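I have placed the structure first, in the form of structure tokens, so that the comments after it can refer back to it.
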Amino acid sequence: MVPAKDGSSLSQMRKGTLEYCVLALLLDKEMYGFDLVKALSEVDGMATPQGTVYPLLARLRREELVSTEWQESTAGPPRRYYRITPKGKRALKGFIEEWRRFKDAVDVFVERAGK
Amino acid sequence: MSTTGRAVKRYLSKVERALQEAGVDRRREIVGEIETHVREELSQIGGDPTETQVRSILDQVGEPDEIAAQEGGASTGRSPVARLRDLAAVTLLLVGGLMIYFPLGWLAGVALLWWSDSWTVRDKILGTSVVPLGLALPIYAWISGCGTSNPVAAEGGTRYVCDWLNMPRELMIGIVVLLTLAALGMAAYLCKKLRSSGAGYWSRSVLTSRILVVLIAAGAIGWFSTTETLLKGAGKEGAWKVVASWRFQYCLTYQHALGEGGACGLTQAEKVGTGPERTGLKVFLVDDPYSVFSGLVPQGVERIDLVTASGRHIRTEFSRVLNMTFYAALVPGTPRVEVVAFDGEGNILGH
């Protein structure tokens with residue numbers, strides 16, 4: 001389940017990386033907002049109050065990192081689907097490189113301390 | 001509506017309130033998506049969800065404040081249109097009064113200020129009431145009050161007294177400087193108090209002030225269109241005779257117009273203003289786009305018509321004299337004004 005208040009360092013790290021996780025999720029296929037939120041919440045450590053993902057999506061859309069499209073649904077009202085844009089792909093690519101460097105750098109210290 | 005439906009609705013309106021700082025489009029988008037999300041969760045339960053189930057779903061979606069915090073952190077501020085609007089508001093409040101069609105420029109600034117969702121009501125009140133007319137107030141106060149100042153013999157030499165209110169010139173300078181600084185300070189204050197993002201359309205205070213703006217604007221338009229009708233009527237009647245015609249230069253000299261004659265058209269006013277008391281018709285006309293007319297009713301005069309150089313009639317009943325003052329000020333480039341005075345039966349006075 002979703003912890004409302006969790007370890008603050010995890011929450012801090014998630015704040016900066018959640019949007020790239022969203023972009024990464026969208027890399028293979030476009031997704032319905034609800035499914036996207038569910039997919040995020042299934043991964044431990046990335047679970048965040050589900051409602052907070054929507055403001056994030058709205059911002060990504062405004063920054064043109066994702067685009068949205070309404071699609072008819074067999075059940076219920078039309079659904080808004082999110083799709084990554086070329087700009088979003090570039091942003092994600094940049095982040096992945098930085099993330100690897102960052103992760104390695106943190107590991108250098110953390111692994112030693114953990115021993 | 002079922003209890004669960006009500007709980008969802010209550011939750012969504014809480015989210016909407018929490019997102020007050022976001023613009024209307026974004027708020028609608030986010031609340032819409034969250035609503036879809038909740039409905040989707042509910043539909044997966046199938047059948048009528050129990051209260052506990054609904055509460056658990058809403059808990060997972062998160063506290064409205066948490067959602068709003070995510071929005072706030074990502075806020076990129078007001079839209080370009082809102083930015084332009086707020087910039088125009090501050091600019092017009094400061095210098096709008098100096099533009100042609102005084103004081104419309106400043107009034108437009110006031111309307112924009114109150115329309116905006118970027119200031120609190122308190123700041124709006126301050127922005128309107130601290131130095132009304134902005135820089136125009138000190139500048140016009142100087143021009144009309146002290147454009148000419150009269151040397152007055154006093155003990156130990158000559159002392160200069162402004163025409164307006166017989167004020168010593170030094171005092172007037174002090175007041176003008178103070179008003180100028182206050183106007184500039186107010187503009188700076190408004191810029192500083194700009195919210196990073198608008199309060200949104202549906203905040204109660206914004207809605208109230210927007211309704212106020214619309215009502216006042218409608219009232220003003222109604223008021224002026226009445227005058228406009230009067231003007232048109234005056235134009236058609238035609239046969240009135242001009243009994244006096246003058247050119248005035250800045251003649252806002254209260255005493256001159258009233259008493260000793262000469263300087264500013266008192267002699268001419270005498271031609272028009274008849275009646276036993278000869279209280280006179282005070283005509284203050286400034287020969288520039290910011291013409292100001294004001295009249296005091298001489299005995300027996302019921303209305304006055306002004307004819308501008310463009311042949312336009314401005315006619316007024318004296319009950320509307322203030323209205324006319326305002327209107328005359330709105331006629332740009334009024335270089336020459338003719339005054340005709342009538343009594344209640346429409347007879348021309350002054351012959």
Side-chain angles (χ1 to χ4, degrees), chain A residues 1-6 8 11-23 31-42 46-82 91, chain B residues 8 10-46 52-80 82 197 200:
Chain A
M1 271 306 112
V2 182
K5 304 261 188 294
D6 55 356
S8 72
S11 138
Q12 285 298 320
M13 284 187 284
R14 193 167 51 222
K15 215 173 235 173
T17 51
L18 185 61
E19 60 183 272
Y20 296 103
C21 298
V22 168
L23 291 178
M31 282 178 95
Y32 175 37
F34 180 77
D35 294 337
L36 203 157
V37 171
K38 286 280 148 189
L40 282 171
S41 66
E42 273 161 18
M46 204 39 81
T48 157
Q50 297 173 356
T52 61
V53 179
Y54 291 105
L56 175 80
L57 284 169
R59 178 165 62 87
L60 292 179
R61 189 167 83 93
R62 212 176 45 257
E63 289 171 359
E64 294 175 349
L65 299 175
V66 303
S67 60
T68 64
E69 195 187 321
W70 289 99
Q71 287 182 18
E72 289 303 322
S73 149
T74 46
R79 298 167 158 190
R80 198 199 280 272
Y81 274 77
Y82 293 86
Chain B
V8 171
R10 207 164 41 234
Y11 173 80
L12 289 173
S13 58
K14 264 191 209 158
V15 174
E16 190 160 348
R17 264 202 306 281
L19 285 165
Q20 198 99 114
E21 293 285 317
V24 61
D25 290 340
R26 297 180 65 181
R27 183 165 57 239
R28 203 174 289 159
E29 176 180 343
I30 294 164
V31 174
E33 286 285 86
I34 289 173
E35 183 174 5
T36 314
H37 183 100
V38 174
R39 303 245 171 270
E40 205 71 54
E41 293 271 21
L42 289 173
S43 73
Q44 290 192 353
I45 291 172
T52 328
Q53 281 171 317
V54 172
R55 202 175 308 133
S56 144
I57 288 172
L58 296 181
D59 279 349
Q60 282 176 43
V61 176
E63 288 292 321
D65 286 344
E66 280 180 302
I67 296 169
Q70 173 71 33
E71 167 64 20
S75 171
T76 54
R78 294 164 298 142
S79 71
S197 60

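The analysis underlying the following values was restricted to heavy atoms, covering all of them including side chains, and did not include hydrogens, waters or symmetry mates. Bear in mind the structure is a predicted one, so any value in this text is a computation, not a measurement. Each chain gets a letter, A, B and so on, in the order the sequences are listed, and its residues count up from 1.
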* Asked: What pair of heavy atoms forms the shortest contact from A/Pro49 to B/Gly62, and how long is it?
  -> CB-CA, 3.8 Å

* Asked: More than 12 heavy atoms of other residues, nucleotides or ligands under 6.0 Å from CD of A/Glu64: is that the case?
  -> no

* Asked: Which bit of A/Val37 is near chain B, if near means a heavy-atom gap under 4.5 Å: side chain, backbone, both or neither?
  -> side chain

* Do A/Tyr54 and B/Glu29 have side-chain N/O donor and acceptor atoms under 3.5 Å apart? -> no

* Structure fact -> One should read off an interatomic distance between B/Glu66 CD and A/Gln50 CD, to the nearest 0.5 angstrom, of 11.5 Å

* Asked: Are B/Glu40 and A/Lys38 close enough that some pair of their side-chain heavy atoms sits under 4.5 Å apart?
  -> no

* **Spacing of CD1 belonging to B/Ile34 relative to OG1 belonging to A/Thr52, to within rounding of 0.5 Å** => 8.5 Å

* Name the region of B/Gln44, side chain, backbone, both or neither, that has any atom closer than 4.5 Å to a heavy atom of chain A. => side chain

* If you measure from OG1 on A/Thr48 to CD1 on B/Ile67, what distance do you get to the nearest 0.5 Å? -> 9.5 Å

* To do: Report the distance from atom NE2 of B/His37 to atom CG of A/Leu36, rounding to the nearest 0.5 Å.
  => 11.0 Å

* Should the pair B/Glu33-A/Arg79 be classified as a salt bridge under the 4.0 Å nitrogen-to-oxygen rule? -> no

